[in-house]
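Working notes, beginning with the structure itself.
For ligands, and for the atoms within them, numbers begin at 1 and follow the listed sequence.
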Amino acid sequence: MIGQAELIKLIRVYDPSADSDLLSRAYTFSMKAHESQLRYSGDPYFTHPAEVAKILTTMKLDVATVATALLHDTVEDTLATINQIEENFGAEIARLVDGVTKLSLLELTKTNDRSRQAENFRKMFLAMSDDIRILLVKLADRLHNMQTLKHLNDPEKRHRIASETMDIFAPLAERFGMQDMKESLEDLAFSEINPDARDSVIARLNYLRDNSGDLVERISTEIKLTLSEAGIDATVMGREKQPWSIWKKMERDSISFEQLSDIVGFRIIVANSNDCYSALGIIHEKFQMVPRQFKDYISTPKRNGYRSIHTTVIGPEGIRIEVQIRGNEMHNQAELGVAAHWLYKQQADGVDPSKYLWVREILDDLDASGNPEEFLENTKLEMFQEQVFCFSPAGEVISLPRGASPVDFAYAVHTDIGDTCVGAKINGRLVPLRSRLRNGDQVEIVRSQNKSPSPSWESFVATGKARYAIRKFCAMKEKTEYAELGKKMIYKQFNELNHELNDEDLLHVLPRLNLESLQDLFISVGEGSIPAQEVLEITLPGKKKSSRSGWRFLRRKKNIPSGDFSVPIRGLIPGVAVHFASCCHPLPGDKIVGIVSEGKGVTIHTIDCDSLHSYSESPERWLDVSWDTEINSKDFHVARIFSSLANTPGSLSALTGVIARNDGNISNLKFTDRNPDFFELQVDIEVRDTKHLNNIIAALRLDPAIASVDRMKA
Ligand code: MN
């Protein structure tokens, strides 16, 4: 364990004016508070906060952050209170400790509950926006817990912590540009989650290293020499890639690693960005460049602030090598990410806020997603994806996550452009809207004022911004449609009495119904909360048409007696046969609509079911219905999902196993396609409601044998 004096010495190296008295007091306060507590390893508990503090000194963080690290578990795990912290160490440190304590509490919730987890995410980000140092302490805390994970005797818990690290903390570190932290977390998690895979990658690394002698050394020396002959002073080093990233690449591209240069990347570190470009010129002049591998992250930094030039050349001894060229400050930024901010605090005169633009962007994504699941999905995806850079016709660079479509591009430029987008040209060629954008594409959006976004776009957009805008627009459109429907229904009532009607005639109805505008009236009638008959009754009292049998847009306020009716749906007329459409398989929780068929009764569809288009001309057949949440039905409903699995032994049993463990009952299973890599199948599952189904889908998506899962609605 690191001693008090040693810790202070470490900080003094980069911050000579550090308040050593404060640090000493924090050190002893925490040691006393944790007193007799022990870690799983049997070590005194205080070794943990002391090591977390040490990790933060390697990131050269300020005294307040290091003191927070020392104190981070005192409020949660000891008798110490936040008031004591404030009295002893001041408001700033108390606020930081409080923030870390709150994050730790969130961690205790079950991780297999995705929506809960998403909320944690949200709170974490908010805490971060409050003060990013809270998150840095949390990451260091997680790093030390991972370093000591092997002492934990519960394999399931170990696995859970490792998965959480892989899914949440490592991507967060990446998002904050902290390459070192990200790699350490991934490697530790990898050794817990798949030790065999990691061992075999390492064995391969050792083999290649042993067989290439001083190859890396020879290449580095030659590059350094080449540069110094041209008058550029540079540090050149070969760096092995991490087992986890090699493994991921192997899984993804099924490549084998044959020579050392496949697993070693070279870094050239020079004084400043001018030297970067000079060095690049010299390297490209001397060694043949491999086309399409060149990336300039200096002129267009990555979203997490990363700057560097990447290129691949046929290097010394005819060996293909990857080279990264960056300046000193860029290098620190790449290793430490957001933490580098404190490193430069003393040197720079104030912080350039645009440097942290991407922190803002994370928060914007957060605002754009309405519910936690969406947020988790969007964020998780965007964090794992690399970016693509595309150009507008005017040459403006738009950065998007990989997998983005022209629709994402349109919304990234402006919401109006997305809303009126009808087509796209990539590099001058007309392409489908669902096409994937590639680096360097020039994208031109074709627009039309009388077109509107389609709900189906949601299935291929990659950004939270686009998804949110599409949903918002479609919800608005739904309102307009209700208004049109309501208006038709009112006019129909009057027409049946041969009564001429103008919109103005309806104005006097508004105060009686407590409504503001005709639009509100039409919407209320259209969506069924006010019967059209009531409007007639107010306008022409006593003229009410006798209610014959026939379908009306009546919303029943009362529940249908459950004796006759086991279907938990409101708005139905008693005694009518009800069935669920086999095209969309509606589940409790879905927005639904009833379609009346003469002699067949009512068929329930989801509101977004494609087959509803064929009824758009006959609004009289639409019945406004909703699930009755008061009836706690134990009925099961059939949902249909579509999944593709890796064509490997055990993947089908992984699928059925996950469904069974999540309480789903498979009622039908059909293979739709089989090829050497994948097979695709359609599975009918009996579930309680959408939430139940979503749990199953989420659990399936977490299973590595399952390539994709989607609910089928059509
Ligand atoms: Mn801790």
I263 side chain near R209 side chain, heavy-atom distance below 4.5 Å: no
Polar contact flag, side-chain donor to acceptor under 3.5 angstrom, E76-T101: no
Distance-only donor-acceptor check, side chains S708 and S644, under 3.5 Å: yes
Distance in Å, I325 CD1 paired with M330 CE, rounded so as to fall on 0.5 Å steps: 10.5 Å
Partners passing ring pair (Phe, Tyr, Trp, His ring centres under 6.0 Å) against F266 (at least two apart in sequence or in another chain): none
From CG (N88) to CZ (R25), nearest 0.5 Å: 6.5 Å
Within less than 2.8 Å of the Mn ion (ligand 1): protein N, O or S atom count: 4
